[in-house]
Amino acid sequence: MTIRPPPSIHNFAAEVDFALRAMEGAAELLDELRRSSQIQSLTKEDRTPVTAADFAVQAAVTGLLERSLPGEVLIAEEDAGRLQGEEARRWVDEIVASVRRVHPAGTEEQVLRWLERGGQQPERRFWALDPVDGTKGLLRGGQFAAALALIQDGVPIIGALACPRYDRFGEEGCLALAVRGEGAWAAPAGGGGWTRLLVSSTADPLHGRLLRSVESGPATNRKLEEIRRELGMTASEIRMDSQVKYLALAASDGELIIRLPRSGGQHENTWDHAAGVLLVEQAGGLASDLNGERLDFGAGRQMVRNLGVVAGNQRMHEAALAALRRLGLGTPAKDLAGVRRKARGK
Ligand code: AMP
Ligand code: MG
């Protein structure tokens with residue numbers, strides 16, 4: 001099946017076509033995992049897990065890019081270097097077999113070369129791919145997504161997600177698409193029409209539902225509780241892995257996302273937010289960092305010019321930024337100096 005773009009999209013036809021085919025291919029590779037809980041994983045240096053599916057989706061999408069839009073730059077999460085050595089042999093066989101569902105004539109050499117392309121540094125225009133965002137969610141039976149964005153001059157132009165376990169639009173999960181200036185949509189992954197996405201109109205923070213990660217430490221839990229109290233949010237919060245949180249926000253299944261910076265001062269990965277943020281913005285919402293600064297997706301593989309993310313419908317975004325200011329939970333001045341230095345390229 002080849003899904004057609006929503007009829008009202010007029011710009012970036014070739015890029016939209018590629019993004020949809022890429023997420024359709026990803027959904028096909030991830031389909032079996034939708035139902036399973038017995039999935040093998042390895043633990044990476046950053047202590048997050050990776051599965052053969054992460055590599056297979058990354059290679060399959062890169063192969064499609066090479067064929068559809070040759071010469072484009074792509075940054076992607078997984079490092080092909082991990083697949084060297086005897087131990088990885090079984091994984092390579094599994095990955096190549098999986099990629100062949102999308103590229104029937106794909107060779108091992110080609111698959112490994114496609115994987116290496118993801119290690120590039122971003123340029124003025126590039127694609128950012130997270131082949132499996134929320135791998136922990138995948139492993140625990142929760143939400144996960146493949147996420148792809150086209151970024152130009154620091155701004156996401158196209159954002160696309162494949163969300164195999166998000167069943168709001170159909171039992172087999174859904175695809176979501178946003179194009180700058182043209183809107184955001186979701187469609188059942190098993191086929192069916194597009195639904196235009198609009199953020200919720202809930203204006204009173206009292207009824208606002210906070211969408212937040214499943215993974216978080218005690219310091220983050222404490223701060224988020226403080227923010228909810230400051231905003232007077234009494235509705236239950238929603239814990240969810242991956243950028244499916246942004247889709248939920250865009251589809252009015254929640255009102256606010258707050259991502260606090262990790263305590264080690266590590267910045268957010270570009271591929272973890274670009275597609276999701278565009279979905280929210282094109283559904284009528286707003287996103288910024290914790291200080292209300294514009295999110296700059298052109299800073300590198302990591303978003304070194306921003307700290308944290310706040311996204312919401314317009315009212316909740318504004319209220320959350322005000323609450324963060326009152327609580328002094330924006331960026332501490334000493335960290336802000338570092339962020340500004342990085343922004344100036346020093
Ligand atoms: P989530 O499912 O929202 O917890 O996000 C998962 C993705 O975000 C993974 O790619 C993680 O490596 C990354 N991640 C999780 N927590 C943080 C954090 N506090 N700061 C930066 N990246 C994070
Ligand atoms: Mg991720």
Side-chain angles (χ1 to χ4, degrees), residues 23 26 30 33 41-51 53-55 57-58 61 74-79 82 118 127-149 156 159-166 210-224 227 237-250 253-254 256-277 279-280 287 289-290 295-297 299-311 329 331 335 339:
M23 289 303 95
L30 296 171
L33 305 179
S41 65
L42 293 173
T43 302
K44 297 189 280 190
E45 292 76 14
D46 64 1
R47 287 185 285 155
T48 62
V50 63
T51 71
D54 293 63
F55 289 104
V57 171
Q58 182 165 320
V61 171
L74 172 87
I75 66 166
E77 174 159 19
E78 302 312 335
D79 173 9
R82 288 201 63 84
W127 293 85
L129 170 69
D130 193 344
V132 178
D133 181 28
T135 309
K136 285 187 179 170
L138 165 63
L139 297 173
R140 69 157 73 85
Q143 292 297 337
F144 66 103
L148 178 67
L161 300 180
C163 308
R165 286 194 190 130
Y166 198 62
L210 176 68
L211 290 149
R212 52 174 295 206
S213 286
V214 177
E215 296 286 322
S216 69
T220 299
N221 293 341
R222 227 176 12 251
K223 283 183 195 163
L224 286 176
I227 296 164
E237 56 183 22
I238 302 168
R239 307 286 293 258
M240 207 185 260
D241 296 283
S242 83
Q243 284 173 76
V244 176
K245 287 189 278 298
Y246 288 109
L247 170 58
L249 181 57
D253 286 341
L256 180 65
I257 291 173
I258 297 183
R259 174 74 144 231
L260 297 171
R262 272 194 267 216
S263 51
Q266 203 179 332
H267 290 276
E268 299 291 332
N269 298 315
T270 301
W271 51 78
D272 277 334
H273 301 281
V277 161
L279 276 173
V280 168
D289 76 3
L290 298 185
L295 294 168
D296 183 351
F297 290 98
R301 292 174 67 86
Q302 275 76 42
M303 298 171 66
V304 296
R305 295 181 191 135
N306 296 110
L307 281 180
V309 177
V310 181
L329 286 176
T331 314
D335 292 350
V339 171

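Remember, it's 1-based here, ligands and their atoms both numbered in the order they're listed. Because the structure is predicted, anything quoted here is derived from the model rather than measured.
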| request: Specify the closest pair of heavy atoms between Arg301 and Gly118, including all atoms of both residues, with the distance to one decimal. | output: NH1-O, 2.9 Å
| message | Quick test: of every protein heavy atom, which one is nearest to atom 6 (C) of ligand 1, and how far off is it to 0.1 Å? | response | Asp133 OD1, 4.0 Å
| query | Which atoms of ligand 1 sit under 4.0 Å from any heavy atom of Lys245? | reply | 1 (P), 2 (O), 3 (O)
| said: Give me the nearest non-hydrogen protein atom to atom 12 (O) of ligand 1 as residue plus atom name, then the distance to 0.1 Å. | reply: Thr48 CG2, 4.0 Å
| request: Go through the side-chain N and O atoms of Ser213 and Asp241 and say whether any donor and acceptor fall under 3.5 Å apart. | output: no
| field | Numbering as shown, the atoms of ligand 1 that approach Glu268 to under 4.0 Å (heavy-atom distance) | value | 18 (C), 20 (N), 21 (C), 22 (N)
| Contacts of the Mg ion (ligand 2) with protein N/O/S atoms, counting only those under 2.8 Å | Asp130 OD2, Asp133 OD1, Asp272 OD1
| field | Thr270/Phe297 under side chain to side chain contact (heavy atoms under 4.5 Å, CB included): CA gap, chis, key distance, verdict | value | CA-CA 6 Å; Thr270 301; Phe297 290 98; 4.1 Å; yes
| task | Evaluate the side-chain hydrogen bond (donor to acceptor under 3.5 Å, both in side chains) criterion for residues Ser216 and Arg212: first the C-alpha distance (whole Å), next the side-chain angles of each, then the deciding distance (0.1 Å), finally the verdict. | result | CA-CA 9 Å; Ser216 69; Arg212 52 174 295 206; 2.9 Å; yes
| Full working for side-chain hydrogen bond (donor to acceptor under 3.5 Å, both in side chains) between Gln243 and Asp133 | CA-CA 7 Å; Gln243 284 173 76; Asp133 181 28; 3.3 Å; yes
| query | Salt bridge or not for Glu215 and Arg140, using N-O below 4.0 Å? | reply | yes
| request: Would you mind running through ligand 1 and noting each atom that sits below 4.0 Å from a heavy atom of Leu260? | output: 19 (N)
| message | Considering non-hydrogen atoms of the protein only, which is the closest contact for atom 16 (N) of ligand 1, and what is the distance? | response | Arg259 NH2, 3.6 Å
| Any donor-acceptor pair under 3.5 Å linking the side chain of Arg259 with the backbone of Val309? | no
| request: Could you tell me the residue and atom name of the protein heavy atom closest to atom 22 (N) of ligand 1, and the distance to it rounded to 0.1 Å? | output: Arg262 NH2, 2.8 Å
| said: Taking a cutoff of less than 4.0 Å between a non-hydrogen atom of the residue and any ligand atom, is Arg212 in contact with ligand 1? | reply: no
| Close side-chain approach of Leu30 and Val132, heavy atoms under 4.5 Å | yes
| field | Contact partition for Asp272 relative to ligand 1, non-hydrogen atoms under 4.0 Å | value | side chain
| How close do Ile227 and Ile258 get, heavy atom to heavy atom, and via which atoms? | CG2-CD1, 3.7 Å
| field | Enumerated ligand 1 atoms positioned under 4.0 Å from heavy atoms of Ser242 | value | 1 (P), 2 (O), 3 (O)
| task | If you have a sec, work out which protein heavy atom is nearest atom 4 (O) of ligand 1 and how many Å separate them, to one decimal? | result | Ser213 OG, 2.8 Å
| note | Of all heavy-atom pairs linking Cys163 and Leu161, the shortest is SG-CB, 3.8 Å
| query | Distance-only, no hydrogens or angles: does the His267 side chain make a donor-acceptor pair with backbone N or O of Leu307 under 3.5 Å? | reply | no
